[in-house]
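One-based numbering, in listed order, for ligands and for the atoms of each.
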Amino acid sequence: MTDMANASKDILGAQAGYETYSNNFAQRIGVRENDRYTLHSEHLNEMWVRVLKTIGYDVGFTRGVGSYLWDRKGDRYLDLLSGWGVFAIGRNHPVVRDALVSVLDAELPNLVQLDVSVLAGVLAEMLLEYTPWLDKVFFANSGAESIEAAIKFARAATGRAGILHVAHSFHGLTYGSLSMNGDEIFKKGFGPLLPNAHEIPFDDLGALEKALSSRQYAAFFVEPIQGKGVNIPQDDYLIGAQNLCRKYGTLFVADEIQTGMGRTGKFFAIDHYSGVEPDMVVVAKALSGGHVPVGAVLTRKSIFDKTFDRMDRAVVHGSTFSKTDLAMAAGIATLEVIKNERVIENAASKGERILASFRKMVDHYELVCDARGKGLMIGLEFGPPKSFKLKTAWNLLETANSGLFCQLISIPLFKEHKVLTQVAGHGNHTIKLLPPLTITDADCAWIEESFDAVIADAHNAPTAVWSLGKTLAENAIKARMSG
Ligand SMILES: Cc1ncc(COP(=O)(O)O)c(C=O)c1O
């Protein structure tokens, strides 16, 4: 190493306040571990840190392997959130790691831009095996960015401006995707959004036909199973929607960003419904292997070619980092793992097991009103109780903040049973399970026993669970008054 390089290393080390400059990157950054929440409060999203501290989730996760996380005390947690669906094959899968290391070792040129890479070609070919009616792939850096591309492709292909979506939809938070968001809280304060985006009810073919018959819509976007709420349409909805789209010249787009790559026990959620062949299928999240952000739009040549229609328009849509080698390698390795380790079959069988035990809870517990899902995308919904003592406690929470009850389940799951879950959206009474698709029978038992214990406890008012509820209700009221 040159004197200059040594000098700059010393400078960096001194600036960061390290005793000695270590070559081990993880160790070097690790010495700042105790500063993590302060750093975020000061330089990133302070409100998020406040949320974590308020609900007691500031345990400082330091390690993640497969379906498990370890906090700084060394406690092991079962992760039913999987980074919002990113870690379908678990964290730090060795096959993905090996692929990434091998790409780095190979010193590939990467992002030459005035060339094309073999990795992107191979990944596109592998993805299209799952959609034999489609023939082109456009890569992007995230789910939202892929949705933006799909909006542009649809407008270019049809010459129409309208974009149709359904209530409770979530397609991302960039302007185009936000314009198709079915939840006001995400949109408030950011307007005006895309002027031609309109919402119709989910799972309502009559409403869809009425909208489509205006022939103003370029595309109809829908999640085959909605992430917000884990809402599953009736069996004839998607095929019916496709037929209506074809009838009125609107492109049918399936957002499989959350449901795709095996999540629901088939490679795509649309595979549960025979004959469903959307004009575009959008993927992201799990394709990354949990390591390198990536998204993709799978579409027909006839649609793709309307955007990239002349040589002088060959770069009319794209972005600098799309198709970067590490993302493409992570995608290829992830697809290999999904196939070779029979991950989808595991998602289907473990999902059935969990759903069966949750359905028993619906019969057994008055606060549990529905259990639904496909594969390992599962929702457990709570509803108003009938007995007087529980009704009073429930109403107190609901008055303070609609959907607050679910925190009474998710917080004890986290604190007492080391299970990380999420509430399936604002004002929602559904707890959502989105674990890695590689969970074992022992993990299923962990889920069943911990949910049962927490839910049983919630049926005994007043208990520690309900006193937590009181605190949450007070916090919610305080936050509303100060906001
Ligand atoms: C169905 C769906 N579409 C789109 C997105 C946006 O993806 P990203 O967060 O990568 O932009 C998400 C993210 O949660 C999603 O669940």
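Salt-bridge check for Arg263 with Glu256: failed, with every basic side-chain N at 4.0 Å or more from each acidic carboxylate O. Using a cut-off of 4.0 Å between Lys/Arg side-chain N and Asp/Glu carboxylate O, Arg36 and Asp58 are scored as not salt-bridged. Under the 4.0 Å criterion applied to side-chain N and carboxylate O atoms, Arg91 and Asp79 are assigned as salt-bridge partners.
Within the 4.0 Å heavy-atom criterion, both parts of Ala144, backbone and side chain, lie near ligand 1. Under 4.0 Å from ligand 1, not a single heavy atom of Glu145 appears. Counting heavy atoms closer than 4.0 Å to ligand 1, residue Trp84 contributes nothing at all.
Between the side chains of Ser117 and Asn110, no donor N or O sits under 3.5 Å from an acceptor N or O.
Those atoms of ligand 1 that come under 4.0 Å of a heavy atom in Gly172, given as number and element, are 4 (C), 5 (C), 6 (C). In the vicinity of Glu223, heavy-atom distances shorter than 4.0 Å reach the ligand 1 atoms 1 (C). Listed by number with element, the atoms of ligand 1 under 4.0 angstrom from any heavy atom of Gly143 are 7 (O), 8 (P), 10 (O), 11 (O).
One distance of note links CG of Leu208 with CD1 of Ile200; it measures 4.5 Å at 0.5 Å rounding.
Among Gln226, His168, Glu223, the single residue meeting the side-chain hydrogen bond (donor to acceptor under 3.5 Å, both in side chains) criterion with Asn231 is Gln226.
Between Leu335 and Tyr130, the closest heavy-atom pair is CD2-CE1, 4.3 Å.
The heavy atom nearest to atom 3 (N) of ligand 1, out of those in Asn181, Ile147, Asp255, Asn141, is found in Asp255.
Protein non-hydrogen atoms do not reach within 4.0 Å of atom 9 (O) of ligand 1.
Protein heavy atom closest to atom 1 (C) of ligand 1, with residue, atom name and distance, is Phe170 O, 3.3 Å.
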